[in-house]
A.B. asks: 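Please see the structure below; I have some questions.
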Amino acid sequence: MTDTHTTDDDATTGPESADAPLHRRGIKSYVIRAGRTTQAQTRGLMDVWPRLGLNVADGRQDLDALFGRRAPRVVEIGFGMGNSLVEQAETHPDSDFIGIEVHAPGVGKLLDEADKRGLTNLRIYREDALAVLEQCLPEGSIDTLQLFFPDPWTKKKHHKRRIVQPAFVELVRSRLAPGGRFHLATDWEAYAEWMAEVLDAAPGFANTADAATAPYVPRPAFRPLTKFELRGEKLGHGVWDLIYRHDTAPHEAP
């Protein structure tokens with residue numbers, strides 16, 4: 001999969017309608033980047049994948065059967081090299097985690113590290129997140145969905161590539177359990193404002209920020225501080241966290 005070309009004629013001035021198809025004209029919110037895999041990453045992809053890897057072709061999952069228990073479920077979209085996700089899975093053994101990422105080196109690294117730490121509460125998709133949400137995760141099955149540092153697509157003509165759009169947010173809402181949380185973080189202030197605009201307008205969501213910091217929340221302790229953020233802090237870069245709660249019952253399929 002590769003990024004699709006966007007011309008100046010495709011410029012958009014704001015978020016698309018929730019009625020817009022999620023796979024409209026094949027537009028992707030990510031780019032597949034070439035890169036070499038290390039020996040450890042290759043081990044993860046070859047040796048650990050059969051045990052912890054999942055495919056869209058597997059279809060709708062019974063998450064209780066998948067993990068062999070009923071527990072809080074956390075899904076993270078775009079986990080990069082997986083450092084934050086593996087730390088969360090190890091720190092919270094009473095919760096189950098599903099990571100979604102398209103880049104092979106990150107998937108391989110996370111699988112290798114999860115195996116070395118003996119984690120059993122983690123599963124991985126190397127797939128398009130929209131396909132996973134639409135085809136694999138049941139409605140009302142997620143307690144927390146995490147979207148940390150997605151590509152901000154800073155040029156106005158590329159804003160439609162941003163994953164945070166009304167249709168995507170509605171899909172997230174349908175997969176969250178009542179009271180479930182959608183946690184977003186970005187180091188791009190303009191994208192943080194976009195996220196707040198889309199979520200504030202979305203039905204069935206309530207911002208959890210208090211009046212002093214709204215629409216943002218201080219970085220929660222359960223979101224590990226990444227090396228990327230530590231470097232950014234030294235340079236004076238900001239990071240914005242937003243947490244929205246699903247306040248309505250799961251969407252009923254027609």
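Computed from a prediction, not measured in an experiment: that's the story for all the values here.
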A.B. asks: As an exercise, state the distance from NE2 of His246 to CZ of Arg173, rounded to the nearest 0.5 Å.
C.D. replies: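 That separation rounds to 4.5 Å.
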A.B. asks: With rounding to the nearest 0.5 angstrom, report the OG1 to OH distance, Thr186 to Tyr191.
C.D. replies: 7.0 Å
A.B. asks: Tell me whether Ile100 shares a hydrophobic cluster with Phe168, the cluster being built from Ile, Leu, Val, Met, Phe, Trp, Tyr side chains joined at under 4.5 Å.
C.D. replies: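 Shared cluster, yes.
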A.B. asks: Any non-hydrogen side-chain atom of Tyr125 less than 4.5 Å from a side-chain atom of Val107?
C.D. replies: no
A.B. asks: Let me see the working for Asp47 and Asp115 under side-chain contact (heavy atoms from CB on, under 4.5 Å), right down to the final yes or no.
C.D. replies: CA-CA 10 Å; Asp47 299 340; Asp115 183 60; over 6 Å; no
A.B. asks: Between Ala71 and Asp94, what is the shortest heavy-atom contact and its length?
C.D. replies: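 Closest pair (atom of Ala71, atom of Asp94, distance): CB-O, 3.5 Å.
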A.B. asks: Going by an N to O cut-off under 4.0 Å, is there a salt bridge joining Glu101 and Arg126?
C.D. replies: no
A.B. asks: Looking only at atom types and distance, does a side-chain atom of Arg175 sit under 3.5 Å from a main-chain N or O of Leu137, one as donor and one as acceptor?
C.D. replies: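 Here the side-chain-to-backbone pair exists.
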A.B. asks: Under a 4.5 Å cut-off applied to non-hydrogen side-chain atoms, are Leu122 and Arg117 in contact?
C.D. replies: no
A.B. asks: Please step through side-chain contact (heavy atoms from CB on, under 4.5 Å) for the pair Val132 and Val56, ending with a clear verdict.
C.D. replies: CA-CA 6 Å; Val132 174; Val56 167; 3.9 Å; yes
A.B. asks: Do Asn207 and Leu199 pass the side-chain contact (heavy atoms from CB on, under 4.5 Å) test, and can you show the C-alpha distance, the side-chain angles, and the key distance before you say yes or no?
C.D. replies: CA-CA 8 Å; Asn207 194 322; Leu199 268 296; over 6 Å; no
A.B. asks: Are Leu171 and Leu63 grouped together when hydrophobic residues (ILVMFWY) are joined by side-chain heavy atoms under 4.5 angstrom apart?
C.D. replies: yes
A.B. asks: Return yes if some donor-acceptor pair links the side-chain N/O of Glu76 with the main-chain N/O of Gly82 below 3.5 Å, else return no.
C.D. replies: no
A.B. asks: Taking the side chain from Asp112 and the backbone from Arg43, do they hold a donor-acceptor pair closer than 3.5 Å?
C.D. replies: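 No; judged by distance alone, with no hydrogens or angles, the pair does not exist.
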A.B. asks: Minimum heavy-atom separation for Gly140 to Ala177, with atom names?
C.D. replies: O-CB, 3.5 Å
A.B. asks: Which heavy atom in Leu176 sits nearest to a heavy atom in Phe205, and how many Å separate them?
C.D. replies: CD1-CE2, 3.9 Å
A.B. asks: Show the nearest heavy-atom pair for residues Thr120 and Arg123, with the distance to one decimal.
C.D. replies: O-NH1, 3.1 Å
A.B. asks: Taking all non-hydrogen atoms of both residues, which atom of Asp241 and which atom of Pro220 are closest, and how far apart?
C.D. replies: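 In terms of heavy atoms, the two residues are closest at OD2-CD, 3.8 Å.
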A.B. asks: To the nearest 0.5 Å, how far apart are CD1 in Ile77 and CD1 in Ile98?
C.D. replies: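 Ile77 CD1 to Ile98 CD1: 11.0 Å, rounded to 0.5 Å.
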A.B. asks: Please answer whether the main-chain N or O of Val164 pairs with a side-chain N or O of Trp194 as donor and acceptor at a distance below 3.5 Å.
C.D. replies: yes
A.B. asks: In the structure I gave you, are the side-chain heavy atoms of Trp49 and Ile124 within less than 4.5 Å of one another anywhere?
C.D. replies: yes
A.B. asks: Out of curiosity, does Phe149 fall in the hydrophobic cluster containing Leu85 (side-chain heavy atoms, cut-off under 4.5 Å, transitive links)?
C.D. replies: no
A.B. asks: Hey, are Lys109 and Glu113 close enough for a salt bridge, meaning a charged N less than 4.0 Å from a carboxylate O?
C.D. replies: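 Glu113 and Lys109: not salt-bridged.
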A.B. asks: Less than 4.5 Å apart, any side-chain heavy atom of Thr42 and any of Leu45?
C.D. replies: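 No; the side chains remain at least 4.5 Å from each other.
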A.B. asks: Mind checking the CG-CD spacing from Asp128 to Gln135? Nearest 0.5 Å is all I need.
C.D. replies: 9.0 Å
A.B. asks: Could you check if a side-chain atom of Phe79 sits within less than 4.5 angstrom of a side-chain atom of Gln88, using non-hydrogen atoms only?
C.D. replies: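 Phe79 vs Gln88: side chains apart.
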A.B. asks: Would you compute the distance between atom CG of Leu110 and atom CG of Leu52 and round it to the nearest 0.5 angstrom?
C.D. replies: 8.5 Å
A.B. asks: Is there a continuous path of hydrophobic side-chain contacts, each under 4.5 Å between heavy atoms, that joins Ile243 to Val75?
C.D. replies: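 Hydrophobic grouping puts Ile243 apart from Val75.
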A.B. asks: Please check: side-chain N/O of Asn55 versus main-chain N/O of Ala57, any donor-acceptor pairing under 3.5 Å?
C.D. replies: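 No, because the side chain of Asn55 does not come within donor-acceptor range (under 3.5 Å) of the backbone of Ala57.
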A.B. asks: Using a 6.0 Å cut-off, check whether atom CH2 of Trp188 has over 12 heavy atoms from anything other than its own residue.
C.D. replies: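 No, CH2 of Trp188 has 12 or fewer neighbouring heavy atoms, counting only those of other groups under 6.0 Å.
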A.B. asks: Going by heavy atoms in the side chains, are Leu147 and Phe182 under 4.5 Å from each other?
C.D. replies: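 Counting from C-beta outward, Leu147 and Phe182 do come under 4.5 Å.
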A.B. asks: Kindly work out whether a path of hydrophobic side-chain contacts (I/L/V/M/F/W/Y, heavy atoms less than 4.5 Å apart) joins Tyr216 to Phe222.
C.D. replies: no
A.B. asks: Are side-chain N/O atoms of Ser174 and Glu170 paired as donor and acceptor at under 3.5 Å?
C.D. replies: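 Their side chains do not contain a donor-acceptor pair, so the 3.5 Å distance test is not met.
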A.B. asks: From Asp64 CG over to Arg69 CZ, what is the distance, rounded to the nearest 0.5 angstrom?
C.D. replies: 10.5 Å
A.B. asks: Which heavy atom of Ala185 sits nearest to which heavy atom of Met195, and what is that distance?
C.D. replies: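 Scanning both residues, the minimum pair turns out to be O-CE, 4.4 Å.
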A.B. asks: A side-chain contact here means heavy atoms from C-beta on lying under 4.5 Å apart; do Lys160 and Trp153 qualify?
C.D. replies: no
A.B. asks: Side-chain contact test, heavy atoms from C-beta onward, threshold under 4.5 Å: evaluate it for Thr213 versus Pro218 and give yes or no.
C.D. replies: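 Sidechains of Pro218 and Thr213: in contact.
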A.B. asks: Indicate yes or no: does Arg73 engage Asp96 in a salt bridge with an N to O separation below 4.0 Å.
C.D. replies: yes
